[in-house]
Engineer: 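Dropping the structure in here first, questions after.
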Amino acid sequence: MASATRVVVAGGGVLGTMHAVMARRRGFEVVQLEREAEARGASVRNFGLVWVSGRKAGAELSLALRARELWAELGARVPGLGFRAAGSLTLAGQDAELALLKEAAALPDADRREFELLDPADVRAVNPALRGEFAGGLLCRADAIVEPRQVLPALRSYLAASGEGQGGYQWLPGREVTEIVPNAVRDHTGAWHHCDLVVLCPGAAHTGVAGRYLARGALAPVRRVRLQMMQTAPLAERITTALADGDSLRYYPSYDLPGRAQLPPQAAAAERARAQLLLVQRAGGELTIGDTHEYAEPFGFDLDEEAYDHLRARAETLLGAPIPRVRRRWAGVYSEVTPEVAGHALYHRSEVEPGVVLVTGPGGRGMTCSPAIAEETFG
Ligand SMILES: Cc1cc2nc3c(=O)[nH]c(=O)nc-3n(C[C@H](O)[C@H](O)[C@H](O)COP(=O)(O)OP(=O)(O)OC[C@H]3O[C@@H](n4cnc5c(N)ncnc54)[C@H](O)[C@@H]3O)c2cc1C
């Protein structure tokens with residue numbers, strides 16, 4: 001890879017774009033192809049959470065912390081990313097959740113996550129918009145926020161500006177890579193793009209050009225997960241941190257501690273939709289609220305209103321006030337490593353042909369970890 005000078009990146013999501021950034025840092029020329037006119041996959045549908053708090057101790061936490069450093073550094077260079085070191089509050093609704101938060105706050109790596117357990121009054125001091133009901137909260141100062149609808153164009157403008165006059169970076173939207181041969185790819189228009197290295201970042205497109213490397217039936221290294229999201233009209237008051245509710249303790253591996261077994265059952269609507277409340281206020285004041293998890297394909301093509309009712313009620317319980325009118329709803333699909341197949345892998349990377357690297361499957365940690373994953377690809 002050290003001798004590669006021209007890299008073709010297939011995929012305009014955050015993984016492809018971070019690979020373009022890291023390739024340019026090594027002085028490589030980059031051509032990035034995206035099959036759509038603009039990327040419209042998981043990378044623009046997410047919360048923009050750079051989420052350290054929930055990561056599993058060990059390799060996953062280290063990857064997320066390295067990524068957090070890289071996001072902060074990129075955020076300083078590229079204001080359009082909307083990077084904010086806002087931190088997060090995970091709020092306990094009752095005693096068993098609070099006991100689990102206490103356990104997490106006492107973990108040996110709690111200082112790396114910048115955890116601090118707060119009582120309700122201290123929660124309100126950090127985040128005065130929280131006037132609702134909760135038993136306490138876990139502040140994670142390491143968590144951060146970016147603006148998912150701005151990140152990709154902002155990074156491309158940065159790449160274009162920093163490669164100016166050198167022909168260092170070329171963005172080719174509306175080009176689907178359909179064929180790969182040694183040292184070249186062909187897009188659907190028939191045009192060839194010659195290079196020393198191909199990086200395929202197709203996201204959840206598990207068929208298409210990457211399909212033959214991923215299709216292994218029950219042994220497929222990656223699977224897909226569908227999530228539901230919504231966004232409100234702007235709220236005038238600032239919500240100073242990202243928010244998570246007690247249901248998130250059931251999903252994130254950092255809370256896989258003895259106290260998890262003591263948690264009461266989830267509300268029926270939350271259990272059905274595998275929901276947890278995550279809430280992020282956008283730079284413009286809107287509230288991005290989610291999420292749900294659907295693992296079995298074929299996925300529904302429509303949106304389940306009961307899950308939204310549950311998430312809205314949860315948000316209003318914590319805020320102690322009605323949320324503004326919902327203006328947008330959408331679903332998103334991400335690719336994640338199949339737990340039973342991947343073992344401890346945090347994402348999928350394989351050299352599928354000489355000089356062709358396939359990177360996908362970071363799951364719900366993909367926005368967070370993308371800069372560190374791209375850094376690892378180039379060694
Ligand atoms: C609703 C939702 C919320 C999430 N929230 C968070 C969060 O807050 N924090 C976090 O860390 N992670 C989050 N994630 C996960 C994260 O968004 C994903 O892991 C990450 O965006 C994956 O990036 P990607 O570039 O691999 O995929 P994508 O964003 O799907 O990009 C892949 C791109 O490749 C293009 N493509 C595919 N095939 C070809 C081809 N042959 N030729 C050219 N182009 C091609 C596609 O059109 C697409 O634009 C969330 C995901 C979802 C769905």
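In each ligand, atom 1 is the first atom listed, and ligand 1 is the first ligand listed.
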Engineer: Is the shortest distance from a Lys or Arg side-chain nitrogen in Arg77 or Glu73 to a carboxylate oxygen in the other one below 4.0 Å?
Structural biologist: yes
Engineer: Before accepting this row, confirm whether a basic side-chain N of the pair Glu271/Arg250 lies closer than 4.0 Å to the acidic partner's carboxylate O.
Structural biologist: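 Between Arg250 and Glu271 there is no salt bridge, as every charged N stays at least 4.0 Å from the carboxylate O atoms.
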Engineer: Between Glu179 and Arg186, does at least one N-O distance fall below 4.0 Å, as a salt bridge requires?
Structural biologist: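 Arg186 and Glu179: salt-bridged.
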Engineer: Under a 3.5 Å threshold, yes or no: a donor from one side chain and an acceptor from the other, between Arg282 and Thr288?
Structural biologist: yes
Engineer: Run through ligand 1 for me and note each protein residue having a heavy atom under 4.0 Å from it, chain first, then residue number.
Structural biologist: Gly11, Gly12, Gly13, Val14, Leu15, Leu33, Glu34, Arg35, Glu36, Ala39, Gly41, Ala42, Ser43, Arg45, Asn46, Phe47, Gly48, Leu49, Arg175, Glu176, Val177, Cys201, Pro202, Gly203, Ala205, Val209, Leu227, Met229, Gly332, Val333, Tyr334, Pro362, Gly363, Gly364, Arg365, Gly366, Met367, Thr368
Engineer: Using 4.0 Å as the upper bound for N to carboxylate O, is an ion pair formed by Asp247 and Arg314?
Structural biologist: yes
Engineer: Could Arg327 and Glu286 be called an ion pair, given the rule that one side-chain N must be under 4.0 Å from one carboxylate O?
Structural biologist: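 Looking at Arg327 and Glu286, the cut-off is not met.
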